[in-house]
Amino acid sequence: MITKNIKRLLLGCSIVAAVTALTACQKDWDAPQTTPYGNNSINDENIITIAQLKADYPNVFESTDKNAKIDKDIKIKGRVTGNDIGSNIYKQFMLQDETGAIIVAVNQSGMHGFLAEGQEIVIALKDLYIGGYRQQPEIGQPYNGTSIGRMNKDLFQQHYKYTGSLDPNAIKPIDFDVNMDKNEHCAKLVTLKNVSFIPPGGTGTFAPDSTVDRTVTVVGGCVNRALYEYSESKVVVRTSTYAKFAAKKIPYDYVNKKPVKCNITGIATRYNDTWQILIRKESDIQIIEN
């Protein structure tokens, strides 16, 4: 009797093991080979460079009140160089290839969760819009009729596809030069080397709440900070009051009252003729030993 029960137990275990193995194999066999994000039906045909895209629409970047619908079946491919991981870039990301960079404006938060730095994507541009916000080229949808703004997140999901591999080091920042051509280099990843912040008054932080620190001027939810090395009309470091490092002290020797040299990496956007450097995250600032 005991032997018969043991045989039944062993048979039951064998059946369970076989079913488990079969289920595991079936799961492996049925596992989707595509990402749940984006539109996997987009192909790699008719890809042009970002520089060529800008060249095809030269007149829409002249002011903040122009845009154009892209009616050609064209695509761009590049890697994400800036996103909202540090909450200093809001509802947009920067895409860069070997020829240039552009802002893609999407009405969605938390995009760093699926568009990490270094992720390569293809964007199908047909029926999207291209325009210039203060001469900074953007891809999006019309805003207030003629200017450019964010596209709906569901629309964006239908217009991009992952391609290639994730490689955060694939695009290296270029050395910033205040005199470099804005049309060519705007929205690129850059590094400002051996620079130092002019110490602000008040709390001395990047972007304090103006109701707490009345020495600060907040425009568009952001605060501009100046550098010793450049005229403020030419270059500013722009930080959102919602950035994760907004309440951090600006690098400065407050005891000895002297500047602290830094290397600052960020996105070099333009606001007409002024470079606005967007730090992506706190680690973009590297203190140089003085």
Side-chain angles (χ1 to χ4, degrees), residues 31-44 47 49-50 53 75-125 128 136-141 150-174 176 185-192 206 222 237-240 242-246 248 263-269 276-286:
Q33 302 301 310
T34 55
T35 171
Y37 297 105
N39 182 356
N40 293 297
S41 67
I42 294 173
N43 59 45
D44 292 340
I47 292 178
T49 66
I50 292 175
L53 174 64
K75 306 175 184 72
I76 54 175
K77 179 165 69 172
R79 292 187 184 272
V80 176
T81 54
N83 56 30
D84 54 10
I85 192 168
S87 300
N88 196 37
I89 296 172
Y90 182 64
K91 292 188 175 182
Q92 59 185 20
F93 67 93
M94 289 72 188
L95 192 73
Q96 184 169 329
D97 65 10
E98 68 278 5
T99 70
I102 197 165
I103 289 176
V104 183
V106 184
N107 192 22
Q108 183 170 7
S109 301
M111 286 191 289
H112 68 276
F114 60 93
L115 290 177
E117 292 173 17
Q119 177 62 58
E120 186 181 63
I121 62 172
V122 169
I123 299 180
L125 297 173
L128 298 182
Q136 170 62 61
E138 294 186 8
I139 295 170
Q141 286 285 288
R150 306 180 190 107
M151 73 181 86
N152 179 279
K153 65 178 183 179
D154 295 327
L155 176 64
F156 174 62
Q157 287 291 325
Q158 293 303 310
H159 280 264
Y160 86 95
K161 181 187 77 170
Y162 288 151
T163 182
S165 58
L166 174 65
D167 185 358
N169 298 313
I171 294 182
K172 304 291 186 183
I174 64 172
F176 176 79
H185 296 292
C186 61
K188 278 188 178 181
L189 184 65
V190 301
T191 297
L192 288 69
F206 277 94
C222 295
V237 176
R238 187 167 175 83
T239 305
S240 167
Y242 293 97
K244 293 179 180 178
F245 53 91
K248 295 284 185 178
N263 290 336
I264 301 173
T265 297
I267 304 296
T269 63
Q276 292 184 335
I277 309 302
L278 303 181
I279 299 170
R280 302 165 301 171
K281 51 190 180 295
E282 191 176 353
S283 60
D284 280 341
I285 300 178
Q286 295 182 334

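Because the structure is predicted, anything quoted here is derived from the model rather than measured. Any value given below was found using the heavy atoms of this structure, including those in side chains, with hydrogens, waters and symmetry copies removed.
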| Do the side chains of C186 and P137 get nearer than 4.5 Å, heavy atoms only? |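 Heavy-atom side-chain distance check passes, below 4.5 Å.
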| Looking at side-chain heavy atoms only, is the closest gap between F206 and I285 below 4.5 Å? |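 Yes - at least one pair of side-chain heavy atoms lies under 4.5 Å apart.
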Heavy-atom donor-acceptor pair, [X] side chain to [Y] backbone, under 3.5 Å:
X    : Y    : result
Q92  : V104 : no
N88  : I279 : yes
T269 : Q276 : yes
D97  : G100 : yes
E138 : A105 : no

Specify the closest pair of heavy atoms between [X] and [Y], including all atoms of both residues, with the distance to one decimal.
X    : Y    : result
K75  : A124 : CG-CA, 3.8 Å
A187 : Q136 : CB-NE2, 3.5 Å
S240 : A246 : O-CB, 3.5 Å
A116 : L166 : CB-CD1, 4.1 Å

Distance check, rounded to the nearest 0.5 Å: [X] atom [atom1] versus [Y] atom [atom2]?
X    : Y    : atom1 : atom2 : result
N83  : I267 : CG    : CD1   : 9.0 Å
R280 : L189 : CZ    : CG    : 5.0 Å
E117 : I85  : CD    : CD1   : 6.0 Å
I47  : T163 : CD1   : OG1   : 7.0 Å
K281 : T265 : NZ    : OG1   : 8.5 Å
I123 : I76  : CD1   : CD1   : 4.5 Å

| said: Between I103 and M94, does the side-chain contact (heavy atoms from CB on, under 4.5 Å) criterion hold? Intermediate values first, please. | reply: CA-CA 5 Å; I103 289 176; M94 289 72 188; 4.0 Å; yes
| request: Go through L128 and Q141 one step at a time and tell me if the side-chain contact (heavy atoms from CB on, under 4.5 Å) criterion holds. | output: CA-CA 6 Å; L128 298 182; Q141 286 285 288; 4.1 Å; yes
| message | According to side chain to side chain contact (heavy atoms under 4.5 Å, CB included), who are the partners of K161, at least two apart in sequence or on a separate chain? | response |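 K161 satisfies side chain to side chain contact (heavy atoms under 4.5 Å, CB included) with N40, I42, D44 once adjacent residues are dropped.
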| request: With sequence neighbours left out, write down each residue that passes side chain to side chain contact (heavy atoms under 4.5 Å, CB included) with A170, or none if nothing qualifies. | output: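 Per chain and number, A170 pairs via side chain to side chain contact (heavy atoms under 4.5 Å, CB included) with R79, D167.
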Can I get a per-line list of side-chain donor-acceptor pairs under 3.5 Å for residues 107-114, giving both atom names and the distance, sequence neighbours left out?
| unit_1 | atom_1 | unit_2 | atom_2 | d |
| --- | --- | --- | --- | --- |
| N107 | OD1 | K91 | NZ | 2.9 |
| H112 | ND1 | D84 | OD1 | 2.8 |

| query | Less than 6.0 Å separating the ring centroids of F156 and F93? | reply |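 Distance test on ring centres: under 6.0 Å, yes.
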| query | Passes side-chain contact (heavy atoms from CB on, under 4.5 Å), I264 versus F176? Steps please. | reply | CA-CA 10 Å; I264 301 173; F176 176 79; over 6 Å; no
| said: side-chain contact (heavy atoms from CB on, under 4.5 Å) for K188 and I171? Distances and angles first, verdict last. | reply: CA-CA 10 Å; K188 278 188 178 181; I171 294 182; over 6 Å; no
